Amino acid sequence: MTPAARLQAAIEILDQVLAGDPAEKALTSWGRRSRFAGSKDRAAVRDHVFDAVRCMRSHAALGGSRTGRGLILGALREAGQDAEEFFTGQGHAPAPLSDAERAFPEPPEDAEALDIPDWLWPEFRGSLGDQAEAAALALRSRAPVHLRVNAARGTPEKAVKALAAEGIAAQPHPAAETALEVTEGARKLRNSKPYQDGLVELQDAASQAVTEQLPLQGGMKVLDYCAGGGGKTLAMAARAGIQCFAHDADPKRMKDLPERAARAGAKVALLPAADLASSAPFDLVLCDVPCSGSGSWRRAPEGKWNLTPGRLADLQRIQAEILRKAARLTAPEGVLAYATCSMLDGENIEQVRRFTDENPEWELTGQKGWQVQDGTDGFYVAVLTRAKHG
């Protein structure tokens with residue numbers, strides 16, 4: 001495919017996304033219809049689509065319309081490229097620009113230029129202060145590829161060497177002791193021996209760092225209450241000597257966890273809701289709660305545009321309920337950990353304060369946050385213990 005044909009393919013996929021299809025679904029459908037497209041073509045089209053979704057507001061403003069054509073035109077203008085070279089109508093290229101499209105609109109400003117919804121910008125800025133603009137700009141770019149080295153299988157040094165033997169360059173990431181950042185060859189990862197043998201797992205460095213903040217000790221009985229795909233479950237299980245349990249309100253989210261655990265050499269027991277109470281109490285309960293995902297919008301950019309004030313309020317209610325339920329599963333001397341992949345105070349410290357205000361027997365004993373402009377996803381973790389009186 002020519003560069004112009006790749007842009008046209010991205011335009012068609014983006015129109016599907018704007019009509020309501022998830023980007024992954026639209027890309028998969030296009031791939032099935034486009035057997036002629038090689039691996040480099042597919043990768044390029046995918047990059048065009050996700051770049052446009054990350055920067056939907058600013059690219060639509062620069063391109064003059066919130067359409068596939070408008071988004072691609074805006075992306076070219078932001079990059080300083082001459083759109084006329086690609087919009088030729090020849091072969092499989094996009095149709096030539098209309099007079100209206102040739103007119104340069106006013107450049108976007110404020111939240112529009114930063115690709116944050118107007119309604120969210122005050123809370124985003126209030127949560128991040130003078131770092132808000134840097135965080136918003138970071139969310140407009142592609143996320144780095146991070147790996148977690150499975151300590152049960154080897155060291156970071158061993159992993160770097162094993163990856164290099166397969167043409168994958170990686171280096172330690174400072175956010176976590178087990179974290180590596182892939183700098184070359186990321187597309188080879190899933191077929192590589194280190195990945196298939198369980199030496200490394202895909203996991204953001206800050207997500208790994210969350211588990212490093214937890215006071216895990218040998219012999220502990222630990223529950224990952226909102227396990228999802230199990231990334232944090234496996235990170236905790238790699239800490240030797242704990243009994244690791246995983247639960248999720250939607251068990252289907254954990255369907256790959258047994259296979260991932262087997263590959264990692266980890267023992268994880270999956271707990272359905274009916275067995276939670278009889279399996280309690282736990283020495284440590286981690287609640288990686290459903291949230292806005294504002295810290296991971298580089299990886300899942302549609303979440304930024306699908307979030308509404310009502311949905312955010314619903315999520316905060318769910319978070320509060322999860323904290324209450326998880327507290328009841330925690331041993332009297334146990335630890336309750338609350339985590340989000342959000343950078344919004346309303347989901348983080350303010351949620352924790354509401355919980356401790358309503359439940360004064362609990363106190364905040366530690367917290368930490370990570371922000372996207374520092375080279376990881378945005379994450380937050382709070383560690384809570386029961387207050388000792390007298």
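Note that the structure is a prediction, hence the values are computed from the model and not measured.
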Scan for salt bridge (Lys or Arg N to Asp or Glu O under 4.0 Å) pairs involving residues 179-191, sequence neighbours excluded, and state none if there are none. D47-R187

Is the closest side-chain donor-acceptor distance between Q208 and T178 under 3.5 Å? yes

For V372 and G295, the nearest pair of non-hydrogen atoms, with its separation, is CG1-O, 3.3 Å

Ignoring hydrogens and geometry, is there a side-chain-to-backbone donor-acceptor pair from T365 to V383 under 3.5 Å? yes

Taking the side chain as every heavy atom from C-beta outward, state whether S292 and R311 have any pair of such atoms under 4.5 Å apart. no

Minimum side-chain heavy-atom gap W370-V381 below 4.5 Å: yes

Check whether D377 reaches the backbone of S296 with its side chain - one donor and one acceptor, N or O, closer than 3.5 Å. no

Is a side-chain donor-acceptor pair under 3.5 Å present for Q131 with Q373? yes

Is the count of non-hydrogen atoms from other residues, nucleotides or ligands lying under 6.0 Å from E78 atom CD greater than 12? yes

Grouping I, L, V, M, F, W and Y whenever their side-chain heavy atoms are under 4.5 Å apart, do L14 and M1 come out in a common cluster? yes

Result block: side-chain N/O donor-acceptor pairs under 3.5 angstrom for residues 165-176, not counting sequence neighbours:
residue, atom, partner, partner atom, Å
E166, OE2, K193, N, 3.0
H173, ND1, A175, N, 3.1
H173, NE2, G375, O, 3.2

Parallel, tilted or perpendicular for H247 and Y225, by the 30°/60° rule? tilted

Decide yes or no for I11 and T67: does some side-chain heavy atom of the first lie under 4.5 Å from some side-chain heavy atom of the second? no

Heavy-atom distance under 4.5 Å between the side chains of W305 and V53, does that happen here? yes

Hey, quick one: are I13 and L76 part of the same hydrophobic cluster, counting side-chain heavy atoms closer than 4.5 Å, chains of contacts allowed? yes

Should V335 and F245 be regarded as members of a common hydrophobic cluster, given that ILVMFWY residues are connected when their side-chain heavy atoms come within less than 4.5 Å of each other, either directly or indirectly? no

Do E347 side-chain atoms and T340 backbone N/O form a donor-acceptor pair below 3.5 Å? no

Quick check: do D204 and R299 have side-chain heavy atoms less than 4.5 Å from each other? yes

So which heavy atom on F87 is nearest to which on L97, and how close? CD2-CD2, 3.5 Å

Where do R263 and Y195 land on the side chain to side chain contact (heavy atoms under 4.5 Å, CB included) test, with the steps shown first? CA-CA 9 Å; R263 189 171 68 237; Y195 178 82; 3.6 Å; yes

Sidechain-backbone polar pair: T356 side chain, R353 backbone, donor-acceptor under 3.5 Å: yes

Within the side chain of D115, is there an N or O that forms a donor-acceptor pair under 3.5 Å with the backbone of S58? yes

Would you say Q16 and E12 are linked by a side-chain donor-acceptor pair, where the criterion is simply a distance under 3.5 Å? no

Check whether any side-chain heavy atom of L312 lies under 4.5 Å from a side-chain heavy atom of P309, and answer yes or no. no

What is the distance from atom CG of L307 to atom SG of C291, rounded to the nearest 0.5 Å? 9.5 Å

For a quick test of reading the model, state the closest non-hydrogen atom pair linking V49 to A23 and the distance between them. CG1-CB, 4.5 Å

Evaluate L163 against V182 for side chain to side chain contact (heavy atoms under 4.5 Å, CB included), listing each step before the verdict. CA-CA 9 Å; L163 291 163; V182 177; 5.6 Å; no

Over all heavy atoms of both residues, which pair between G154 and V149 is shortest? Give the atoms and the distance, please. O-CG1, 3.5 Å

Check F282 against L276 and note the closest heavy-atom contact, atom names and distance. CE1-O, 4.2 Å

Taking salt bridge (Lys or Arg N to Asp or Glu O under 4.0 Å) as the cut-off, I'd like each qualifying pair that reaches into residues 89-109, sequence neighbours left out, listed once. R69-E101, E84-R102, D99-R102

Run the numbers on K304 and R298 for side chain to side chain contact (heavy atoms under 4.5 Å, CB included), then give the verdict. CA-CA 9 Å; K304 179 163 54 173; R298 291 183 297 184; over 6 Å; no

May I ask you to decide whether R324 forms a salt bridge with E321, counting only side-chain N to carboxylate O separations under 4.0 Å? yes

Answer yes or no: is there a donor N or O on one side and an acceptor on the other, between the side chain of H146 and the main chain of A205, under 3.5 Å? yes

Determine whether L315 and W297 fall in the same hydrophobic cluster, where Ile, Leu, Val, Met, Phe, Trp and Tyr are linked whenever their side-chain heavy atoms lie under 4.5 Å apart. yes

I want to check something: taking the side chain as every heavy atom from C-beta on, are L71 and M56 in contact at a cut-off of under 4.5 Å? yes

Any donor-acceptor pair under 3.5 Å from D283 side chain to V222 backbone: no

Donor-acceptor pair, distance only, cut-off 3.5 Å: does the side chain of H48 make one with the backbone of L7? no

Reported CG-to-CD distance for the pair L323 and Q351, which is rounded to 0.5 angstrom: 6.0 Å

Minimum heavy-atom separation for L139 to R54, with atom names? O-CD, 3.9 Å

pair H92-R6: side-chain heavy atoms closer than 4.5 Å: no

Is the positively charged end of R77 above the ring of F104, judged by distance under 6.0 angstrom from the centroid and angle within 45° of the axis? yes

Inter-residue atom distance Q367.CD - Y338.OH, 0.5 Å rounding: 12.0 Å

Same apolar cluster: L223 and L216, side chain cutoff 4.5 Å: no

N150 side chain to A264 main-chain N or O, any donor-acceptor pair under 3.5 Å? yes

Main chain of D250, side chain of D248: is a donor-acceptor contact present, judged purely on distance under 3.5 Å? yes

Parallel, tilted or perpendicular: ring planes of F355 versus W362, cut at 30 and 60 degrees: tilted

